[in-house]
**Student:** 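To start, I am sharing the structure in question, which I have written as structure tokens.
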Amino acid sequence: MIGVFALQGNVREHLQMLAQVGEQAVPVRRPSELDAVDALVLPGGESTTMYKLARSFELFEPLQKRIADGMPVFGTCAGMIMLADRITGGIEGQETLGGLDVTVQRNAFGRQVDSFEADLEFAAFDAPYHAVFIRAPWVERVGPDVEVLSTVRSGPAMGRIVAVRHDRLLATSFHPEMTGDARLHGYFADLVRDL
Ligand SMILES: NC(=O)CC[C@H](N)C(=O)O
């Protein structure tokens, strides 16, 4: 069963997308609920709030441990920041769960383009994927075992890395739950089923 971290973000939308790809998904707010799932979606929101909430709900360390033990996680936007081993542009003392061997730059696309949309190419998909970015991070550097799944194709951010996979960890800069295109949730569900 796949869980959706439910202390912040578009929880319902992620649950609906997972249902669309045939997964019965459940919200995760407490350690016992985390114990009951095999994989997790970390939604977008605000990573500074997210790590504080995870700490106060006593989910931070259990999450770190599950990730270190190989639980598959799909992090989107703030969720990508939470998975990153290293971040830049974080607030003083901002912690991440880590596991994903990348450096992520918070709010990377700049204030003028707080949000924008772009069509992305994924080798795994036949047709472009329409992506919605909201105060999004990008991946600045990737470790040797990280696969770059997609980059921005045009405009000032051309070439920037916005989707990566590192073994069982999948992360996107954008919000895949907002456009009704369930292919990335399907990709994640396949990754979980294939274990
Ligand atoms: N849409 C989002 O998740 C934005 C992420 C947010 N800017 C952060 O740094 O946490």
Side-chain angles (χ1 to χ4, degrees), residues 2-18 25 27-29 39-57 59-60 63-64 67 73-120 129-142 149-152 155-157 160-166 169-185 187-188:
I2 300 181
V4 177
F5 177 89
L7 298 178
Q8 215 208 12
N10 292 338
V11 178
R12 190 161 26 106
E13 289 80 354
H14 276 294
L15 292 171
Q16 280 165 0
M17 297 298 268
L18 289 164
V28 169
R29 289 190 192 83
L40 191 74
V41 172
L42 280 175
E46 183 53 54
S47 57
T48 54
T49 310
M50 237 168 164
Y51 94 85
K52 289 179 194 159
L53 284 171
R55 279 256 174 244
S56 47
F57 282 74
L59 271 172
F60 194 89
L63 273 169
Q64 259 183 336
I67 295 170
V73 184
F74 182 11
T76 69
C77 203
M80 170 193 258
I81 298 170
M82 291 294 291
L83 282 181
D85 280 344
R86 296 164 297 279
I87 58 171
T88 53
I91 62 162
E92 177 83 26
Q94 180 170 353
E95 297 171 284
T96 67
L97 297 165
L100 186 61
D101 183 14
V102 296
T103 305
V104 163
Q105 165 84 50
R106 279 186 73 217
N107 302 329
F109 292 91
R111 281 168 194 263
Q112 296 87 330
V113 282
D114 259 1
S115 67
F116 70 99
E117 302 186 12
D119 287 324
L120 303 174
Y129 186 97
H130 189 71
V132 175
F133 298 78
I134 303 166
R135 284 180 64 73
W138 66 43
V139 177
E140 192 92 0
R141 267 186 297 277
V142 297
L149 299 180
S150 198
T151 56
V152 177
R160 292 297 180 181
I161 300 167
V162 291
V164 291
R165 175 172 176 182
H166 181 184
L169 303 178
L170 173 68
T172 63
S173 299
F174 53 88
H175 284 263
E177 78 286 9
M178 288 179 68
T179 44
D181 185 339
R183 284 179 293 170
L184 277 164
H185 290 80
Y187 180 94
F188 183 60

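Whatever order the structure lists them in is the order used to number ligands and atoms, beginning at 1. For this chain, numbers begin at 1 and follow the sequence in order.
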**Student:** With sequence neighbours excluded, what pairs up with His185 under the ring pair (Phe, Tyr, Trp, His ring centres under 6.0 Å) test?
**Tutor:** His14, Phe74

**Student:** Rounded to the nearest 0.5 Å, what's the gap from CZ on Arg106 to CE on Met80? Could you check?
**Tutor:** 14.0 Å

**Student:** Heavy-atom contacts with Gly44 under 4.0 Å: which atoms of ligand 1 show up? List them by number with element.
**Tutor:** 3 (O)

**Student:** Below the 3.5 angstrom mark, is there an N/O of Ile81, backbone or side chain, next to an N/O of ligand 1?
**Tutor:** no

**Student:** Between His175 and ligand 1, find which residue part has any heavy-atom pair under 4.0 Å and reply side chain, backbone, both or neither.
**Tutor:** side chain

**Student:** Do the side chain of His166 and the main chain of Asp101 share a donor and acceptor less than 3.5 angstrom apart?
**Tutor:** yes

**Student:** So, does Gln8 use its side chain to make a donor-acceptor pair with the main chain of Glu46 at under 3.5 Å?
**Tutor:** yes

**Student:** Looking only at protein heavy atoms, identify the closest one to atom 2 (C) of ligand 1 and say how far it is in Å.
**Tutor:** Cys77 SG, 2.7 Å

**Student:** May I ask you to identify, for Arg135, whether its side chain, its backbone, both or neither come under 4.0 Å of ligand 1 on a heavy-atom basis?
**Tutor:** both

**Student:** For ligand 1 and Gly45, I'd like to know whether there is a polar contact (N/O to N/O, distance under 3.5 Å).
**Tutor:** yes

**Student:** Which residue owns the protein heavy atom closest to atom 9 (O) of ligand 1, what's the atom, and how far is it?
**Tutor:** Arg106 NE, 2.6 Å

**Student:** Taking 4.0 angstrom as the limit and counting only heavy atoms of Glu46, give me the atoms of ligand 1 inside it, by number and element.
**Tutor:** 6 (C), 8 (C), 9 (O), 10 (O)

**Student:** Under 3.5 Å between any N/O of Asn107 and any N/O of ligand 1: does that happen in this structure?
**Tutor:** yes

**Student:** For the pair Thr76 (side chain) and Gly44 (backbone), establish whether a donor and an acceptor sit closer than 3.5 Å, ignoring hydrogens and angles.
**Tutor:** yes

**Student:** Is there a polar contact between ligand 1 and Ile134, counting only N or O atoms under 3.5 Å apart?
**Tutor:** yes

**Student:** Between Leu40 and Leu63, is the side-chain contact (heavy atoms from CB on, under 4.5 Å) condition met? List the steps.
**Tutor:** CA-CA 10 Å; Leu40 191 74; Leu63 273 169; 3.4 Å; yes

**Student:** Would you mind checking which non-hydrogen protein atom is closest to atom 10 (O) of ligand 1, with the distance to 0.1 Å?
**Tutor:** Ser47 N, 2.5 Å

**Student:** Does atom CZ of Arg55 have more than 12 heavy-atom neighbours from other groups under 6.0 Å away?
**Tutor:** yes

**Student:** Donor-acceptor check, side chain of Thr96 to backbone of Ala84, threshold 3.5 angstrom: yes or no?
**Tutor:** yes

